[in-house]
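Throughout, a chain's letter reflects where its sequence line sits, starting with A, and its residues are numbered from 1. What you see is a predicted model; the values in this text were computed from it and never measured.
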Amino acid sequence: MDEHYLPENVEEEAQKYWQENQCFEVSEDPKKEKFYCLSMFPYPSGKLHMGHVRNYTIGDALSRFQRMQGKNVLQPMGWDAFGMPAENAAIANQVPPAQWTYDNIDYMRAQLKRLGFAYDWQRELATCKPEYYRWEQWLFTRLYEKGLVYKKTAPVNWCPKDLTVLANEQVVDGCCWRCDTPVERKEIPQWFMKITDYAEELLADLDQLPNWPERVLTMQRNWIGRSEGVEIVFTVNDEPLRVYTTRPDTLYGATYVAIAAQHPLAMRAAESSTELASFVADCKVAAVSESAIETAEKLGVDTGLKARHPLTGELLPVWAANFVLMSYGEGAVMSVPAHDQRDYEFARKYSLPIKQVIRPADDSDIAIDECAYVDQGILQDSGEFTDRTSAEAFAGIADKLEQMGCGQRRTNYRLRDWGISRQRYWGTPIPIINCRDCGAVPVPDADLPVVLPEDVLVDGSGSPIKKMPGFYETTCPKCGAAAERETDTFDTFMESSWYYARFACVDNNEAMLDERVNYWLPVDQYIGGIEHAILHLLYARFYHKLMRDAGLVNCDEPFTNLLTQGMVLKDGSKMSKSRGNTVDPQALIDKYGADTARLFILFAAPPEQSLEWSDDAVAGAYRFLKRIWGLGVILENNWCIGHKGVKDQIPKTPYDWSGINAEQQSRRAKIYSLLQKANYDFSRNQFNTVISAGMQILNTIHQSAPGPKLFDNVSNTKIVKEEIIDRSIQHEGASILLRLLSPIVPHITHRLWKELKYGENILDADWPEVDESALVQDTVELIVQVNGKLRSKIKVAADAAPDEIEQQALADAKVANHVANKTVRKIILVPGRLVNIVV
RNA sequence: GCGAAUGUGGCGGAACUGGUAGACGCGCUGGAUUUAGGUUCCAGUGGGGUAACCCGUGGGAGUUCGACUCUCCCCAUUCGCACCA
């Protein structure tokens, strides 16, 4: 064994061992409890970044821990290989997206292997391969038959100069990121999936996920946004104008109606109003993202139309407004400025009337001159509903509107259907053929997959397959006439919505999924960035239910436990190329090795919190590994190599603790209490404190001084006895330490386990159990407080009676000082912890 | 704008169900080893005070014998907002 820790050598050897012995290749084994641990697969952007290293280190520590608990652990890895960056790189470097992607995958795979992650590489998949996406196309055609997909027009960001559709991230301050031209909103036909059909179930089943972070559940609930309200029909020139509100109790306070600029009423009115026409035109020049719409200045123009209030018969002005979008809801809202802050600000700006119809139930003062009163309360100036509570009025007004036929109670969701069409090249072709006579016809199963041509040139002027007759010219599967393929591709969220299931049966070329998924699913532990809290996780849950209803899987939810890891920061902000504050993990691995990288990243912060990068802390992690290695060298010298001609001095198990002295006993107790703490911390994925416990165990082992004195005093049996116990504590402690840390730093522990002759393969070792007998203490230390302030500490027998403890506490000199001349009013005794004397 | 979270020494963080604030590590200071630098080892390290003690978990109020932990308000930072993945 080398005297110095040489990570490169240690790590290469361990990785070779794992590969040769196929340690992480698994198959279904009904006799064993399964554990499916999945880290979110990466987009192959070029090389691993720190966020990947963090994500995968957490997943690997968890997987290895579960494996040592005796479970059949599946930990796969793959590539989320379709996406925009490949097209951007293609434009920049004149390299086809496919080649760029495959090169990146090769490089990043090598990096993952160098980090020693316990993946079953036999199951590797890349979503850009036809053998993967063909099943996505297949499922899409099934959903088409079921009526779960449909086509409608929807807005996209359009750059009028580059003549291309822009992603939201390609719109910077309302302008194109390449040419700075103001972006327009363009309505084009696109495919949608009816996720709203599953809104109720997606909401309700969140209750089946108690082991998801509460904040993710809350964000998903808010995103789905179920509300109970009333659809109210106003009339404009005897034509119905529908609006939805969750506050029908404020109906008498409505003073105008706001409609989208694209609303048919506004478009018609614009024909006779130049001001309105130019406003409608202006509204086209705007990005489509919700944050862009909500943060833009609220603008409007009076259409001149009047809407008749269904209850009062009043005629309210109808305004076209830029914050109302045609594609969401009815494209119209009733405005109650007195009781909605946004309506209030708009009314103030355009001098529209503000009519208060709700007052606080407790008659507290409100200043309607300053801001809207948005809470519930008691109605006023509301006809027959005056003096009712908001809740009573909600029911009363809804009933009345329903009786009159100008309203309907409705459950509404904020969630919108999922637009899955992208006007891009590097994605899964949408398996639809457009026929002049038959309309949209799904590609028959026998013709799947629709393969994306990979040998193309991307020049930035739109998707190359839109210019390839060889791709899009075909015949209609129904009537045989000449027809054209759909040239849009799927949203890449489609691929990442079902990969977790495909890992169970990657080799199946006959079906999307097979029986094996029901052995492995659901995923027991899913790990990924908090930035995926809503979209990816909601789409994957939705897809899972689609697959369940297609008979492909038999559980309701895909991910039982979810861990959302925090971000990696440097100097307080997210590492990013644009900020220029990235740290390349490869440099870290090259300098210190995989174990140091893993140790640092797990020690620096608990997984859910953001992690601040620190070069010094990395050096500290490396130092700790060197200390462990140093311990190994010392122990090996003492036990294995022999000393002064005495060979094979490895302490015998089971250990003989008879004659153990108090100091040794307390050292053993310390090691076991640290193990207990570490086991608890492993169970809650708090690896930083597991490592802290490991550091303390190492320190404690070092206190059991290794001794050449055994051999210098061979004839002195008394010293020998003490010495043997010291050695046994070291032997026991080191075996605990190595196993405890092996999920975190697998290479160095693999090597030392073998070198110190504990066994052949630490992966197959039993997880260390707490020896309760080592923990028994006969005295405990209690803290003594006076009025809740710490004043002293006392040692009492573990089984001391409450009276005894109180007497001892009061007798303490420091305590007596603070209690003197005062009456003891109360004594609070928390067993095993504290005494609080209240004076 | 809307939704969600976070805030503890010089730094990363610890504190289990309301019960010793600052574990563990980094950094720093002093010492030992070393020709020197580095490495390694030992000791110290929240602020104030000679001390007894006092102050201290973003700010302000509150509940409690006792609050980093619970409640309310405020401030700052971060994430998401449907075409980045």
Side-chain angles (χ1 to χ4, degrees), chain A residues 40 42-43 45 80 82-85 88 156-157 165-171 190 195 213-216 218-223 225 288-296 298 323 341-342 414-424 491-493 496 529-536 538-539 564 566-567 569 572-574 600 603-606 608-621 623-624 626-627 630 677 680-681 684 686 688-689 691-696 699 781-790 793 814 817 825-828 830 833-839:
Chain A
M40 289 182 187
Y43 177 78
S45 54
D80 188 13
F82 275 138
M84 244 183 8
N88 293 332
V156 292
N157 298 306
V165 174
L166 299 176
N168 283 336
E169 80 159 2
Q170 297 175 315
V171 178
Q190 307 194 67
I195 191 172
E214 197 52 49
R215 66 166 153 164
V216 175
T218 306
M219 283 192 269
Q220 292 224 346
R221 282 191 191 102
N222 291 339
W223 185 260
V288 296
S289 81
E290 186 172 310
S291 60
I293 293 159
E294 293 292 326
T295 50
K298 310 278 180 289
F323 56 86
Q341 189 59 29
R342 197 167 69 170
R414 204 185 77 94
L415 181 69
R416 309 193 299 259
D417 276 339
W418 176 14
I420 50 170
S421 295
R422 295 293 179 271
Q423 298 69 46
R424 291 182 219 298
D491 175 6
T492 57
F493 273 126
S496 56
I530 183 66
E531 65 273 20
H532 296 294
I534 298 176
L535 291 180
H536 162 61
L538 191 66
Y539 292 143
T564 48
M567 306 217 302
L569 311 178
S573 56
K574 185 180 178 170
F600 161 73
F603 184 56
E608 311 238 65
Q609 283 180 35
S610 60
L611 180 153
E612 178 69 30
W613 175 263
S614 159
D615 288 317
D616 284 335
V618 172
R623 205 172 304 154
F624 175 60
K626 281 201 289 189
R627 292 188 67 210
K677 156 93 175 139
Y680 172 69
D681 289 342
R684 58 180 180 145
Q686 193 168 286
N688 57 329
T689 47
I691 294 163
S692 160
M695 289 170 168
Q696 291 174 79
N699 292 342
E781 192 180 62
L782 298 184
I783 60 155
V784 186
Q785 299 179 332
V786 178
N787 288 342
K789 284 194 175 178
L790 174 68
K793 294 174 189 180
K814 284 183 193 159
N817 242 345
R825 287 196 289 156
K826 189 150 84 164
I827 297 181
I828 289 153
V830 181
R833 300 212 81 123
L834 64 77
V835 185
N836 186 13
I837 299 161
V838 185
V839 294

For Arg414(A), answer base if it contacts any base atom (sugar-phosphate contacts may also be present), sugar-phosphate if it contacts only those atoms, and nothing otherwise; contact means non-hydrogen atoms under 4.0 Å.
base

If you check every side-chain atom of Lys626(A), which of U39(B), C84(B), A82(B) has the closest atom?
U39(B)

Any side-chain heavy atom of Trp418(A) sitting closer than 4.5 Å to one from Asp491(A)?
yes

Any base atoms under 4.0 Å from Phe624(A), or only sugar-phosphate, or nothing? Heavy atoms, all strands.
nothing

Rounded to the nearest Å, what distance is computed from the CG atom of residue Asp616(A) to the C1' atom of nucleotide G10(B)?
12 Å

Tell which nucleotide pairs with U29(B), taking only Watson-Crick or G-U wobble pairs whose two distances are both under 3.5 angstrom.
A43(B)

For Ala604(A), answer base if it contacts any base atom (sugar-phosphate contacts may also be present), sugar-phosphate if it contacts only those atoms, and nothing otherwise; contact means non-hydrogen atoms under 4.0 Å.
sugar-phosphate

Which part of the nucleic acid, if any, lies within reach of His536(A) when heavy atoms closer than 4.0 Å are counted: base, sugar-phosphate only, or nothing?
nothing

Take the protein atom CD of Gln785(A) and the nucleotide atom C1' of A21(B), then report the distance between them rounded to whole Å.
12 Å

Between C84(B) and U77(B), how many Å separate the two P atoms, rounded to a whole number?
25 Å

Distance, P atom - from G66(B) to G56(B), rounded to whole angstrom
15 Å

Looking at the side chain of Phe603(A), which of G25(B), C81(B), A15(B) is the nearest nucleotide?
G25(B)

When you compare G58(B) with G10(B), how far apart are their P atoms, in angstrom units rounded to a whole number?
13 Å

If we ignore angles and hydrogens, is there a donor and acceptor under 3.5 Å between the side chains of Glu294(A) and Ser291(A)?
no

For Ser496(A), which contact category applies under a 4.0 Å heavy-atom criterion: base, sugar-phosphate, or nothing?
nothing

Sugar-phosphate only, base, or nothing, as touched by Pro42(A) at under 4.0 Å among non-hydrogen atoms:
nothing

Report the base-pairing partner of G22(B) (Watson-Crick or G-U wobble, both distances below 3.5 angstrom), or none.
none

For Lys793(A) and G19(B), what is the distance between atoms NZ and P respectively, to the nearest whole Å?
17 Å

For a quick test of reading the model: is some side-chain N or O of Arg627(A) closer than 4.0 Å to OP1 or OP2 of C41(B)?
yes

Go through G13(B), A85(B), U20(B) for me and flag the one nearest to the Met84(A) side chain.
A85(B)

Side chain of Ser289(A) - closest among A15(B), C84(B), A82(B):
A82(B)

Heavy-atom nearest nucleotide on RNA chain B for Val156(A) versus Gly788(A): which residue maps closer to 5'?
Gly788(A)

Rounding to a whole Å, what distance do you find between Gln686(A):CD and G13(B):P?
12 Å

U29(B) to C74(B) separation - P atoms, rounded to the nearest Å:
45 Å

Can you measure Trp223(A) atom CH2 to A5(B) atom C1' for me and round it to whole angstrom units?
17 Å

Using the P atom in both, what is the distance from A14(B) to G31(B), to the nearest Å?
34 Å

Met567(A), nearest nucleotide to its side chain (from C81(B), C79(B), G13(B)):
C79(B)

Counting only side-chain heavy atoms from C-beta out, which of G25(B), A21(B), A85(B) sits nearest to Pro85(A)?
A85(B)

Have a look at Val216(A) and say if it touches a base, only the backbone sugar-phosphate, or nothing, with a 4.0 Å heavy-atom cut-off.
nothing

When both distances are under 3.5 Å in a Watson-Crick or G-U wobble arrangement, the nucleotide paired with U63(B) is none

Could you tell me the Watson-Crick or G-U partner of A36(B), where both distances fall under 3.5 Å? Say none if there is no partner.
none

Could you work out the separation of C79(B) and G30(B) based on their C1' atoms and round it to a whole Å?
45 Å

The nucleotide from A5(B), A15(B), G1(B) with an atom nearest the side chain of Arg215(A) is A5(B)

Rounding to the closest angstrom, what is the interatomic distance between G37(B) and C28(B) at atom P?
15 Å

Between Lys789(A) and C55(B), does any side-chain N or O lie under 4.0 Å from OP1 or OP2?
yes

Of the candidates G12(B), A23(B), C84(B), the side chain of Ser692(A) sits closest to A23(B)

Pairwise P distance, G18(B) and U69(B) [rounded to whole Å]:
11 Å

Given G12(B), is OP1 or OP2 found less than 4.0 Å from the side-chain N or O atoms of Ser614(A)?
no

Picking from A82(B), G19(B), A85(B), the nucleotide nearest the side-chain atoms of Leu834(A) would be G19(B)

Need one value for Leu415(A): base, sugar-phosphate or nothing, where a base atom within 4.0 Å counts as base even if backbone is also close, heavy atoms only.
base

Can you find a side chain N or O atom of Asn168(A) that sits less than 4.0 Å from OP1 or OP2 on C81(B)?
no

Distance in angstrom units between Leu538(A) CG and G3(B) C1', rounded
14 Å

Does the G13(B) base have a donor-acceptor partner in the side chain of Gln609(A) within less than 3.5 Å?
no

Between Val830(A) and Ala693(A), just flag the one whose closest nucleotide in RNA chain B comes earlier from the 5' side.
Val830(A)

Go through the N and O atoms of the side chain of Asn836(A) and the base of C65(B), and report whether any donor-acceptor pair is under 3.5 Å.
yes

Measure the distance from OH on Tyr539(A) to P on C84(B) and round it to the nearest whole Å.
10 Å

Between G19(B), U40(B), A14(B), which one does the side chain of Arg623(A) approach most closely?
U40(B)

Applying a 4.0 Å non-hydrogen cut-off, can you work out what Thr295(A) is touching in the nucleic acid: base, sugar-phosphate, or nothing?
base

Distance only, no hydrogens: is a donor on one side chain within 3.5 Å (strictly under) of an acceptor on the other, for Asn699(A) and Arg627(A)?
yes

Is the shortest side-chain N/O distance from Lys814(A) to OP1 or OP2 of A52(B) below 4.0 Å?
no

Describe the nucleic acid contact of Glu290(A) in one word from base, sugar-phosphate, nothing, applying a heavy-atom distance below 4.0 Å.
base

Which base sits across from A51(B) as a Watson-Crick or G-U pair, both distances under 3.5 Å?
none

If you look at every strand shown and take non-hydrogen atoms under 4.0 Å, does Tyr43(A) touch a base, only sugar-phosphate, or nothing?
sugar-phosphate

Check whether any side-chain N or O of Asn787(A) sits under 4.0 Å from OP1 or OP2 of C65(B), and answer yes or no.
no

Look through every strand shown and name the nucleotide pairing with G9(B) as Watson-Crick or G-U wobble, where both distances are under 3.5 Å.
none

Think Asn88(A) has a side-chain N or O under 4.0 angstrom from the OP1 or OP2 of A85(B)?
no

Which nucleotide, in any strand shown, forms a Watson-Crick or G-U wobble pair with A4(B), with both distances under 3.5 Å?
U78(B)

Value in whole Å for how far the C1' atom of G7(B) lies from CD of Glu612(A):
14 Å

